[in-house]
Amino acid sequence: MMKIRFANARWVVVSAAIVLVLPMAVSSAVAQTAPVSSAASVSPSSELAKFLADYFEQSLRDSPEYATSIGRHEYDDRWSDLSKQGRDLRRSHLEQALARADKFSTGADSKRLSEEDRLSLDLLRYDLRTQLDAFDLQTYLLRVGQMFGFHNGVYITIDRMPAFTVKDCENIIARLRAIPRYVDQNIEIMNEAIARDIPQPKIVSDLVIEQLTKQVGQDADKTALLQFLKRMPASIPDAERERLRKEATDAFESDFRPAWRKVLAYMQTTYAAHVRPQVGISSLPNGKEYYAILIRRLTTTNETPEEIHKIGLEEVDRIEAEMLEIARQTGFQGSVSELEVKLANDPDQRFHSKDEMLIYCRNAAKIIEPELPNQFKHMPLLLYGVRAIPEDREQVTASNAQAPSPDGSTPGWFNLQAYQPDKQVKYDKEALVLHEAVPGHIFQISLAHSLPGLPDFRKFYNNSAYAEGWALYAESLGSQLGVYKDPYNRFGQLASERFRAARLVIDSGIHAMGWTREQAQDYLRAHAPTENLAEVDRYISWPAQALAYKTGQLEIVKLRQRAEKELGTKFDVRDFHDAVLRNGALPLELLDAEVEKYIAEKRSLIASGQ
């Protein structure tokens, strides 16, 4: 669900589910060519289709990292151009694309467009407007972060690159060779951020420095950047394999490591000297406006921080009442917090190793998968695995998901936060599998990639409110999908939902109400006692993203309740899920309109006796 973007690319984390999403930038060539033809032989729909296709292809050229993430490997030998000239050009591309889309939407031929075309235009115009609003924040502020900052973006991208051929391996080496330029451009951007007074706070800078230190210290045979050498296929001749090993190792030692040392020194000195003293974004000049922009971008709503805070408090109270009811069903007579402490100290609820955690989650996924047709009409190809987050990032990175490449060249991954397994509990892991894997992120994104008849930009578009809202909603389906067999797992699902409700309170508290880091940690301890306190630092580094989960889920629940009420006994949950999923990700206001269409269509069929 959220989106962080390096000037020309957005890192969407969905749940911290990571998906590299295209920048929605088009070149001036795309923006200025292909005018609507006046010839009767050319329909407005075909002109629009050409514009959208050209736009998408230019987006791949503008963001090689995004192209890699979706299985388009023509640009795997390079990084995006993050120079000031490159960034200025991309901003103009966004503006030109928006002007072109507006012309399609309001021109003389707009009434001849199909409903599907109009939805595509509405989505594109919405996304372009919010991108332009958030452009500077995404460029300067969100570049530095312990989850999906510029440094971890390198690891994420190379992890998504294939190594089937000599050319594939040479592409990875080329990207390692290009790291010095990548670092210099990022340092230039961070200098601009300091000059504009848009820095991150000390805690975020410290966490990034800690990660960079670990990454700099890794040996060539241990770094994730060279893991491709271990998976080269036997079809690559021995002589070529040896050459590639030598060149890759040299690129790591001669190009990557010195550049990483350079940016580490920069973070320790220049950037650290200019961090902001307070953790909330509202402490920055224009900070309240910045927060409003990010709320709109990440929740796709116009809710105020005060409204969000109030909703969070109410939801925490409601969910804790349901948790207390389950506690009573088990015979426990204490408070919700006391039951959580009891379960946390129960040896049967503890893991003994990372492998045990991985096996537990893999087993839950395999229980769920055969039950999916009970809830869904259409099944995507589910090519994914479950693995632990690497040690250099595991302490401060939440569990997340990566969808498989549409071409099957790379699998999807449920990346499990398995740090200190002996301090984690079992009762909330089934909900986590539903959220990250099936039918949550990996299911939803894989299905969107496979939708027929949609322009490519829609297949790969995502926003945090939709993606995270769907994944949190998916947690509520466990009883229909073969899990939540005992009350403690159902208790865990509610604890997971309460955790997301607490985020509404904490995020708005930090960024709009002046909460300190310690105040936020105290609230998290009180209302999500089994969660890692590092979560608070995530909210500090990425304002408003944590709001997306509950905001999106509440909207989907509201739409389901509306459909159930209006359709009565004719309500079919598979039809409802299809209505939510069949258009790919949408901003919540567009999702609401599409579900309303589904309800109206069903009512019409019912009225006609069908």
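Side-chain atoms are counted along with the backbone in the values below, which use heavy atoms only and exclude waters and symmetry mates.
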- Might you point out which heavy atoms bring Arg498 and Ala528 nearest each other, and give the distance in Å? NH2-CA, 3.9 Å

- Report the C-alpha separation of Tyr598 and Arg582 in whole Å, then their side-chain angles, then the decisive distance to 0.1 Å, and conclude whether the side-chain hydrogen bond (donor to acceptor under 3.5 Å, both in side chains) test is met. CA-CA 11 Å; Tyr598 143 75; Arg582 67 190 177 194; over 6 Å; no

- Please name the pair of heavy atoms, one in Leu142 and one in Ser541, separated by the smallest distance, quoted to 0.1 Å. CD2-O, 3.7 Å

- For Pro421 and Ala418, the nearest pair of non-hydrogen atoms, with its separation, is CD-O, 3.3 Å

- Message: Using side-chain heavy atoms (C-beta onward) and a distance below 4.5 Å, is Val425 in contact with Asp428?
- Response: yes

- Task: Check whether more than 12 heavy atoms from other residues, nucleotides or ligands sit under 6.0 Å from atom CD of Glu307, and answer yes or no.
- Result: yes

- Query: Taking atom NZ of Lys423 as the centre, does the number of heavy atoms from other residues, nucleotides or ligands within less than 6.0 Å exceed 12?
  - Reply: no

- Message: How about NZ on Lys354, more than 12 heavy atoms from neighbouring residues, nucleotides or ligands closer than 6.0 Å, or not?
- Response: yes

- Query: Any Lys/Arg nitrogen of Glu475 or Arg500 sitting under 4.0 Å from an Asp/Glu carboxylate oxygen of the other?
  - Reply: yes

- Message: Is the distance between the ring centroids of Phe414 and Tyr384 under 6.0 Å?
- Response: no

- Item | side-chain contact (heavy atoms from CB on, under 4.5 Å) evaluation trace for Lys550 with Glu315 | CA-CA 9 Å; Lys550 208 67 176 70; Glu315 281 293 285; 2.6 Å; yes

- Query: Do the non-hydrogen side-chain atoms of Val505 and Tyr523 ever get within less than 4.5 Å of each other?
  - Reply: yes

- Message: Is a donor from one side chain sitting under 3.5 angstrom from an acceptor on the other, for Arg393 and Tyr155?
- Response: no

- Any side-chain donor-acceptor pair under 3.5 Å between Glu535 and Tyr539? yes

- Query: Strictly by modelled atom types, are Arg296 and Thr300 linked by a side-chain donor-acceptor pair under 3.5 Å?
  - Reply: no

- Task: Taking atom types as modelled, find out whether Thr301 and Thr299 have a side-chain donor-acceptor pair closer than 3.5 angstrom.
- Result: yes

- Task: Return yes if a side-chain donor-acceptor contact under 3.5 Å exists between His352 and Asp422, otherwise no.
- Result: no

- Task: Let me see the working for Leu581 and Tyr466 under side-chain contact (heavy atoms from CB on, under 4.5 Å), right down to the final yes or no.
- Result: CA-CA 10 Å; Leu581 295 168; Tyr466 178 95; 3.6 Å; yes

- Is there a side-chain contact between Ile311 and Leu554, using heavy atoms and a 4.5 Å cut-off? yes

- Taking atom types as modelled, find out whether His151 and Gln215 have a side-chain donor-acceptor pair closer than 3.5 angstrom. no

- Hey, do the aromatic rings of His435 and Phe443 have their centres closer than 6.0 Å? no

- Message: Quick check with a 6.0 Å cut-off and a 45 degree axis cone: is Arg574 positioned over the face of Phe376's six-membered ring?
- Response: no

- Backbone N/O of Gly334 and side chain of Arg328: donor-acceptor pair under 3.5 Å: yes

- Spatial distance of atom CD (Gln395) from atom CG (Asn532) [nearest 0.5 Å]: 7.5 Å

- Where the side chain of Arg538 meets the backbone of Thr397, is there a donor-acceptor pair that is under 3.5 Å apart? no

- Message: Within the structure provided, determine whether Val433 and Ile368 are in side-chain contact (heavy-atom separation under 4.5 Å).
- Response: yes

- Task: Could you tell me whether Glu303 and Lys310 have a side-chain N and a carboxylate O separated by less than 4.0 Å?
- Result: no

- Are the side chains of Glu391 and Lys214 in touch, meaning some heavy atoms are under 4.5 Å apart? no

- Roughly how far apart are His577 NE2 and Ile556 CD1, rounded to 0.5 Å? 8.5 Å

- Query: Between Arg562 and Asp592, is there a side-chain N and carboxylate O pair less than 4.0 Å apart?
  - Reply: yes

- Query: Taking all atoms of both residues into account, what is the closest heavy-atom pair of Asn152 and Met147, and its distance?
  - Reply: ND2-O, 3.3 Å

- Item | Main-chain N/O of Ile209 paired with Thr213 side-chain donor or acceptor, under 3.5 Å | yes

- Query: Side-chain contact, heavy-atom cut-off 4.5 Å: Tyr461 with Pro587?
  - Reply: yes

- Message: Under 4.0 Å between a side-chain nitrogen and a carboxylate oxygen: does that hold for Arg517 and Asp537?
- Response: yes

- Would Gln420 and Glu394 satisfy side-chain hydrogen bond (donor to acceptor under 3.5 Å, both in side chains), going step by step from the backbone distance to the final call? CA-CA 9 Å; Gln420 296 182 334; Glu394 66 175 351; over 6 Å; no

- Applying side-chain hydrogen bond (donor to acceptor under 3.5 Å, both in side chains), run through Gln519 and Asp522 and close with a yes or a no. CA-CA 5 Å; Gln519 281 178 283; Asp522 287 344; over 6 Å; no

- Note on the structure: On a heavy-atom basis, the closest approach of Gly478 and Leu434 is CA-CD1, 3.7 Å

- Item | Heavy-atom check, side chain of Val275 versus side chain of Pro201, under 4.5 Å | no

- Taking Gln349 for its side chain and Tyr427 for its backbone only, find out whether a donor-acceptor pair lies under 3.5 Å. yes

- Message: Whether Arg503 engages the ring of Phe499 as a cation-pi pair (distance to the six-membered ring centre under 6.0 angstrom, angle to the ring normal within 45°) should be assessed.
- Response: yes

- Message: Any carboxylate oxygen within less than 4.0 angstrom of a Lys/Arg side-chain nitrogen, looking at Arg318 and Glu497?
- Response: yes

- Consider only side-chain N and O atoms of Asn415 and Gln402, and report whether a donor and an acceptor are under 3.5 Å apart. yes

- Message: Between Asp159 and Gln227, is there a side-chain donor-acceptor contact under 3.5 Å, judged purely by atom types and distance?
- Response: no

- Locate the shortest heavy-atom distance separating Thr157 from Thr68; write the atom from each residue and the value. O-CG2, 4.0 Å

- Task: Mind running side-chain contact (heavy atoms from CB on, under 4.5 Å) on Asp206 and Gln146 for me, showing each step along the way?
- Result: CA-CA 9 Å; Asp206 288 348; Gln146 68 272 28; over 6 Å; no

- Side-chain H-bond candidate by donor/acceptor type, Arg160 with Ser69, under 3.5 Å: no

- Item | Check: Asp346 side chain, Lys342 main-chain N or O, donor-acceptor pair, under 3.5 Å | no

- Query: Asn489 versus Lys485: any side-chain heavy-atom pair under 4.5 Å?
  - Reply: no

- Item | Donor-acceptor pair between Tyr291 and Asp507 side chains, under 3.5 angstrom | yes

- Just how far is it from atom OG of Ser446 to atom CG of Leu382, taken to the nearest 0.5 Å? 6.0 Å

- Taking the six-membered ring for Trp, is the centroid-to-centroid distance between Trp542 and His511 below 6.0 Å? no

- Item | Donor on one side chain, acceptor on other, Gln200 and Ser205, under 3.5 Å | no

- Item | Value rounded to 0.5 Å, distance of CG in Leu372 from CG in Leu481 | 6.0 Å

- Message: Checking Thr410 against Ser405: is there a side-chain donor and acceptor pair closer than 3.5 Å?
- Response: yes

- Task: Apply side-chain contact (heavy atoms from CB on, under 4.5 Å) to His309 and Leu504, showing your working.
- Result: CA-CA 6 Å; His309 196 83; Leu504 299 181; over 6 Å; no

- Message: As a quick check of understanding, evaluate salt bridge (charged side-chain N to carboxylate O under 4.0 Å, His left out) for Glu564 and Arg560, giving each step before the final call.
- Response: CA-CA 6 Å; Glu564 289 175 335; Arg560 176 167 174 167; 3.0 Å; yes

